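Just below is one structure, and these are the notes that go with it.
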Amino acid sequence: MIELIRGTSIDWKPSPVVALATSADDSQVAAAREDGSLEVWLVSPGSVGWHCQLTIHGDPNSRVSSLVWCRSRTDELPSGRLFSSSIDGSISEWNLFHLKQKIILESVGVSIWQMAVAPSYDPHTNAERFGNGFSNGKLTDGSDRESDSEESDSDEEFNQSAEDTRVALACDDGCVRLYRISDIDEFVHDKMLPRVSGRILSVAWSLDARRVFSGTSDGFIRCWDASLGHEIYRITVGLGGLSSKPDLCVWSLLSLRCGTLVSGDSTGSVQFWDSQHGTLLQAHTLHKGDVNALAAAPSHNRVFSTGSDGQVILYKLSKESIVSSEEKPSELMKKWVYVGYVRAHTHDGRALTVAVPISHEDPLPEEKVKRIRRKEKPIDFSYRKWAHMKIPMLISAGDDTKLFAYPVKSFTKFPPHNICPAPQRVPIQLALNTSFNKRSLLLVQASCWLDVLLVNLKGGSDKGFVSGGQLSLDLLARVKSKKSRKIVCSTISNSGSLFAYSDHVKPALFELKKKESSKIAFSIQERELPKKLPSAHVMVFSSDCSRLILSGDNRRIYVVDVSSLEVLHCFTPCRDEESVHSEPPITKMFTSSDGVWLAAVNCFGDIYVFNLETWRQHWFISRLDGASVTAGGFPPQKNNVLIITTSSNQVYAFDVEAKQLGEWSMQHTYVLPKRFQDFPGEVIGLSFLPSGTSTSVVVYSARAMCLIDFAKPVDQDDESDIAGVDSSVLKKIQNTWAKGRTKRKVEEYQTESKLKAKKNFEFVAFRDPVLFIGHLSDNSLLVMDKPWGDVIKTFDAPPVHRHIYGT
């Protein structure tokens, strides 16, 4: 049996999401957070679950105000080029290949509240592309399409696609500035529209890119001629809303294919205007606070809004026939009606976008098993009912740091899907049997400091299960980064005496020592690393703690001798010996326990295997089925075996020395149980038994863990314990943590102990988001989680007030 030891004392404070944007091919979603970091989310081929492909640590002192994804002229970037504006007035481009933020426009002198890209025409897909929503003629959300001939536009209106991409900036000084993105990657100033009273808070382009709409802080919407730069008309927003106060803010604008302009303002109003003449068509005041963002379905007959009340509201375009007289035919009246709302966010909603992330699914043969009726459905049951190929999804994000996905067509029929249950998960590493009396240490990476914690166990177990109060963590040392720079990566040696980190400037190495005759039990000494070392994306110690291996931002891997502090070797990852192309940066590294093998994984899923004895690259493994690598490692005492999990929920076992798939993978990789392919959440880590005597591994995500025994066929029932865990204990853990009930422990144990043994690949769901899982010994497993309610209490912004019935 095994003890599950739970810890909840780790500090965890994720950053709010301030902007979203969809890639040019509609497959990826970029999310910018308040701390300056940027994440790219997508759905891997063959799966429906979301995966954070990469994270770029940007400037924490420059807050992003908006994101736009521009179409690239070359086929090398199908997703396009990603730009962001900042409150400090600068424009940055995010290089998704090199994982860097590059400022391409230092400052316009004032704050930029929003930017919008002029619509373009894509000749490859024959689809119209919008900067503030999109309209794809090839896609459908299952709803009725507008087929009026007067709404179709000729290709002549999209001649600007052959020219430079145009961008409009909403600036704090009351001006709209127009720029062009040239071939040499520069923002070239085109013109500045006349200054108006108030701040320009929102901006949008018309379908033909001939007009620019701007919303201000004094309650006006203006329509501008993009070529001549003069004002065509203006709209007083307050007359159609709740009030006409001078401080009414128009936070969002959306231009639709049907010629309708949608606005969202600080009174909670969502208003629909005739963009040709500026007349009001419809007004809805359903939000109980500011309307911060708008988005449209691909067919442009559905509009979504979100705001400071945390609601996401759907409006739909309906048609009604009006019979005027017998002589005149009936007229068709279009009307925007309220459909319903969903409240998934606990805090303000900040951003909305629409994506079509699933390119194809279910490439693997279905597992032929007898269906078993059960009361409890799988965790992602409702999501998997509607998440299919070519289905548009609405993505929302806000101050509660989470991202949710909704079906565009069946918005009110299904609950929202939580894309990231553990946003900005705290990196944690475990060092077992350290040089400090064989005690275990935890290295916890915060934003600007590292904590070294001593693991203390209290009490015993109850039939193989230990509840959450059995663990305490003592702080041994805290190291703050220089000049409070954000820490990118960190690592700790197996002995616990060495740990290192890197910010965006350079890496640093420290030694932890225990003092025998001093009031201070431990001391920290910084050791000087070679000055030529660049900042690192990831770093790891060798198993014997003699080498520090780091992957630099120059796409090279450095091996440093810890004793002499000299660089022993520098690897340059490549696909083959004749390859001259620059490889993507390495974001994950694993070493074997004998110190011979180093496996390095880039941000797109390619694997490079190096021999640390011959100092040569041994093998290159191209990305597996187009998916990214989410976790991996070498099992103890099995130095030639590399275990890899992917974002498509596949498990691979490689024979590194033989340069081939292991025997287990050859037999079982493509016939994994359907229940594991439906594993809730993306896999974030593996944990092997320290002794290396077992053939099992614990695979875990933020929502569940799965025990895999490589010595057993995937379709064979387990007659004995899996990894030393009794099946009734696993079921008991699931009941206790998933439901939070502890009163009937004995009764549940007796009931579940009568169940048959579980199959291989059975998983256990958790109630709270899990940050880390690791074996303390062959008989004990450490689980670090945190109740989401405790995380919410650390946020700077208070949650949205909700009236409780009966109070």
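Computed from a predicted model, the values in this text were never measured in an experiment.
- No side-chain donor-acceptor contact under 3.5 Å links H537 and T587.
- Put simply, the side chain of N639 does not reach to within 4.5 Å of the side chain of E657, judged on heavy atoms.
- Across S497 and S435, no two heavy atoms sit closer than the pair CB-OG, 4.2 Å.
- Taking the six-membered ring for Trp and the full ring otherwise, the centers of H417 and W50 sit at least 6.0 Å from each other.
- Looking only at distances, a side-chain donor or acceptor of R425 sits under 3.5 Å from a matching main-chain atom of L771.
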Steps toward side-chain hydrogen bond (donor to acceptor under 3.5 Å, both in side chains) verdict (S37, Q424): CA-CA 10 Å; S37 62; Q424 291 190 311; 3.2 Å; yes

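- With values rounded to the nearest 0.5 angstrom, L38 atom CG is found 5.5 Å from I56 atom CD1.
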Criterion side-chain contact (heavy atoms from CB on, under 4.5 Å) on H775 and V698, from CA distance to verdict: CA-CA 9 Å; H775 279 89; V698 173; 3.7 Å; yes

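- In this structure the side chain of K402 reaches within 4.5 angstrom of the side chain of N418, judged on heavy atoms.
- Formation of a donor-acceptor pair under 3.5 Å by the T630 side chain with backbone atoms of T645 is found in this model.
- Contact record, D778 with P690: OD1-CD, 3.2 Å, taken as the closest heavy-atom pair.
- Rounding to the nearest 0.5 angstrom, the gap separating the CZ atom in F571 from the CD atom in Q617 is 9.0 Å.
- Screening V455, L473, L476 against L441 for a side-chain contact (heavy atoms from CB on, under 4.5 Å) leaves a single residue, L476.
- Of all the heavy atoms in V697 and S687, the pair that sits closest is CG2-O, 3.5 Å.
- In this structure, the ring of F634 has its center no less than 6.0 angstrom from the ring center of F590.
- Between the side chains of Y608 and N602, a donor-acceptor pair is found at a separation under 3.5 Å.
- Put simply, the side chain of S542 gets close to the backbone of R547: a donor and an acceptor are under 3.5 Å apart.
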Stepwise side-chain contact (heavy atoms from CB on, under 4.5 Å) check, D785 with F766: CA-CA 9 Å; D785 63 0; F766 298 123; 5.9 Å; no

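- Here L548 contributes atom CG and M539 contributes atom CE; the two are 5.5 Å apart, rounded to the nearest 0.5 Å.
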Worked verdict on T591 versus S543 for side-chain hydrogen bond (donor to acceptor under 3.5 Å, both in side chains): CA-CA 7 Å; T591 58; S543 182; over 6 Å; no

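- Atom OH of residue Y652 and atom OG of residue S665 lie 8.0 Å apart, to the nearest 0.5 angstrom.
- Residues S647 and E682 bring no donor and acceptor atom of their side chains to less than 3.5 Å of each other.
- For the residue pair Q445 and D451, no side-chain donor N or O sits within less than 3.5 Å of a side-chain acceptor on the partner.
- Atom CD of Q660 sits in a crowded spot, with more than 12 heavy atoms from other residues, nucleotides or ligands closer than 6.0 Å.
- Here the side chain of T434 pairs no donor or acceptor atom with the backbone of G496 at under 3.5 angstrom.
- Under the side-chain contact (heavy atoms from CB on, under 4.5 Å) rule, L471 has a single partner from N456, L457, L776, which is L457.
- Taking all atoms of both residues into account, the shortest heavy-atom contact from L689 to S696 is CD1-OG, 3.9 Å.
- Closest approach of V629 to G605, counting heavy atoms only: CG2-O, 3.7 Å.
- The backbone N or O of S15 lies less than 3.5 Å from a partner atom in the side chain of R33, making a donor-acceptor pair.
- Residues V783 and V770 have side chains in contact (heavy-atom distance under 4.5 Å, counting atoms from C-beta outward).
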Q28 vs W41, side-chain contact (heavy atoms from CB on, under 4.5 Å): CA-CA, chis, key distance, verdict: CA-CA 6 Å; Q28 305 175 47; W41 291 83; over 6 Å; no

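- The aromatic ring centroids of W788 and W12 lie less than 6.0 Å from each other.
- The closest side-chain heavy-atom distance from I419 to I395 is below 4.5 Å.
- There is no side-chain donor-acceptor pair under 3.5 Å between S648 and D625.
- Taking a cutoff of 4.0 Å between a charged side-chain nitrogen and a carboxylate oxygen, R6 and D768 qualify as a salt bridge.
- In this structure, the side chains of L442 and V452 stay at 4.5 Å or more apart for every pair of heavy atoms.
- With ring centers used as reference points, F654 lies under 6.0 Å from W619.
- Taking the six-membered ring where the residue is Trp, the centroids of F522 and F436 are separated by under 6.0 Å.
- Considering CG of L498 and CG of L509, their distance stands at 6.0 Å, rounded to 0.5 Å.
- In this structure, the side chain of K588 does not engage the main chain of V601 through any donor-acceptor pair within 3.5 Å.
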K786 vs I10, side-chain contact (heavy atoms from CB on, under 4.5 Å): CA-CA, chis, key distance, verdict: CA-CA 8 Å; K786 191 84 170 181; I10 298 295; 5.7 Å; no

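- Proximity of L550 to I557: side-chain heavy atoms (C-beta onward) are nowhere separated by under 4.5 Å.
- In this structure, F610 and P573 have side chains that are in contact, with non-hydrogen atoms separated by less than 4.5 Å.
- Using the six-membered ring where Trp is involved, W597 and H618 have ring planes that are tilted, between 30° and 60° apart.
- Here the side chains of I792 and T794 are not in contact, with every heavy-atom distance at 4.5 Å or above.
- Once rounded to the nearest 0.5 Å, the distance linking SG of C420 with NE2 of H51 reads 13.0 Å.
- At a cut-off of 3.5 Å, with distance as the only test, no side-chain donor of S777 or N779 sits close to an acceptor on the other residue.
- Shortest non-hydrogen contact noted between V426 and D11 is CG2-O, 3.6 Å.
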